[in-house]
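To keep things clear, I will list the structure first and then write my remarks on it.
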Amino acid sequence: MSKAQDAIVTIIREAVRSNRWENEDAPGSAHIRDLLDYPGASAELNQLDEPVKELYRGIANEIEWSMNDDWMPEKMFSLPLPEARCFLRDIWPVIEELGLTQAVPKIKECHAQYRESL
């Protein structure tokens with residue numbers, strides 16, 4: 001697994017496993033590390049095609065901002081929090097198995113399915 005792929009999977013896993021989901025109305029931080037905290041990951045991500053790079057930077061940034069803020073937002077990825085957590089739980093194995101570039105269509109398909117079910 002590349003440094004960028006490992007960093008993205010780790011960020012998503014840490015977010016899914018966080019106890020912040022249990023009480024999103026309580027202040028606090030999940031202490032999710034920023035993508036820049038993973039040596040070499042950002043540089044590798046910058047070498048990918050723009051749409052791929054933007055997707056993963058968006059995922060990492062939204063997780064870091066939402067989970068580490070004093071108060072969790074009502075939605076993440078335009079999904080209510082329970083669905084957002086399920087979405088993240090569904091995509092990290094896909095990223096791990098297929099790699100960053102090949103996982104993009106599956107991630108978009110998964111997100112669309114969650115959006116349609118609302």
Side-chain angles (χ1 to χ4, degrees):
M1 199 170 352
S2 73
K3 291 177 184 178
Q5 182 181 1
D6 185 49
I8 295 293
V9 168
T10 300
I11 289 168
I12 294 170
R13 277 186 186 162
E14 287 178 4
V16 169
R17 293 177 180 159
S18 172
N19 62 1
R20 284 296 311 270
W21 302 98
E22 312 315 323
N23 190 2
E24 65 258 9
D25 292 330
S29 172
H31 305 289
I32 305 291
R33 295 189 315 171
D34 187 88
L35 189 58
L36 295 173
D37 294 334
Y38 294 87
S42 191
E44 279 186 14
L45 200 59
N46 284 335
Q47 295 173 5
L48 299 174
D49 292 339
E50 196 65 29
V52 176
K53 176 173 55 176
E54 285 180 18
L55 175 76
Y56 290 110
R57 284 204 185 279
I59 290 171
N61 289 340
E62 184 142 358
I63 289 171
E64 194 272 333
W65 178 83
S66 298
M67 302 295 291
N68 291 345
D69 195 46
D70 281 341
W71 301 98
M72 285 187 73
E74 291 181 16
K75 293 185 174 189
M76 289 175 66
F77 312 107
S78 301
L79 299 169
L81 293 179
E83 285 79 6
R85 188 179 194 185
C86 291
F87 166 68
L88 291 173
R89 187 178 291 135
D90 289 349
I91 66 170
W92 73 257
V94 173
I95 298 166
E96 195 170 54
E97 180 183 332
L98 299 178
L100 294 174
T101 302
Q102 298 300 318
V104 169
K106 297 283 187 190
I107 292 169
K108 289 181 177 183
E109 180 182 313
C110 181
H111 187 260
Q113 287 174 347
Y114 275 102
R115 296 271 300 153
E116 288 172 12
S117 70
L118 297 178

Whether D34 side chain and L36 backbone form a donor-acceptor pair below 3.5 Å
yes
Give a yes-or-no answer on whether the side chains of N46 and R57 include a donor-acceptor pair shorter than 3.5 Å.
yes
Of all heavy-atom pairs linking M76 and L88, the shortest is CE-CD1, 4.4 Å
Problem set entry | Cluster overlap V16 with I59, hydrophobic side-chain contacts below 4.5 Å | yes
Between H111 and F87, does a side-chain contact (heavy atoms from CB on, under 4.5 Å) hold up when you go through it step by step?
CA-CA 7 Å; H111 187 260; F87 166 68; 3.6 Å; yes
Could you tell me whether a side-chain N or O of N68 sits under 3.5 Å from a main-chain N or O of S29, the two making a donor and an acceptor?
no
**Request:** Report whether W21 and L79 are members of the same hydrophobic cluster (ILVMFWY, side-chain heavy atoms less than 4.5 Å apart, transitive linking).
**Result:** yes
Expected output: side-chain E44 to main-chain A4 donor-acceptor under 3.5 Å: yes
Going by chain and number, the hydrophobic cluster around W71 (ILVMFWY, side chain to side chain under 4.5 Å) further includes none
Got a donor-acceptor contact below 3.5 angstrom from the Q5 side chain to the E96 backbone?
-> yes
Task: V52-L35 co-clustered via ILVMFWY side chain contacts under 4.5 Å - done: yes
Joint cluster assignment, I95 & M1, ILVMFWY side-chain distance < 4.5 Å = yes
Quiz item: Backbone N or O of Y114 within a donor-acceptor pair of the S117 side chain at under 3.5 Å?
Solution: yes
- Message: With clusters defined by side-chain heavy atoms of hydrophobic residues (ILVMFWY) lying less than 4.5 Å apart, directly or transitively, does V104 cluster with V94?
- Response: no
Fill in: Criterion side-chain contact (heavy atoms from CB on, under 4.5 Å) on I107 and D90, from CA distance to verdict
CA-CA 9 Å; I107 292 169; D90 289 349; over 6 Å; no
>> Looking at K106, I'd like to know if its NZ atom is crowded, meaning that more than 12 non-hydrogen atoms belonging to other residues, nucleotides or ligands lie closer than 6.0 Å.
In response: no
In terms of heavy-atom contacts, Y38 and A7 come closest through CG-CB, 3.6 Å
- Query: Is a donor on one side and an acceptor on the other found under 3.5 Å between the side chain of E62 and the backbone of F77?
  - Reply: yes
Sorted by chain and residue number, the side-chain hydrogen bond (donor to acceptor under 3.5 Å, both in side chains) partners of R85 (sequence neighbours excluded) come out as E22
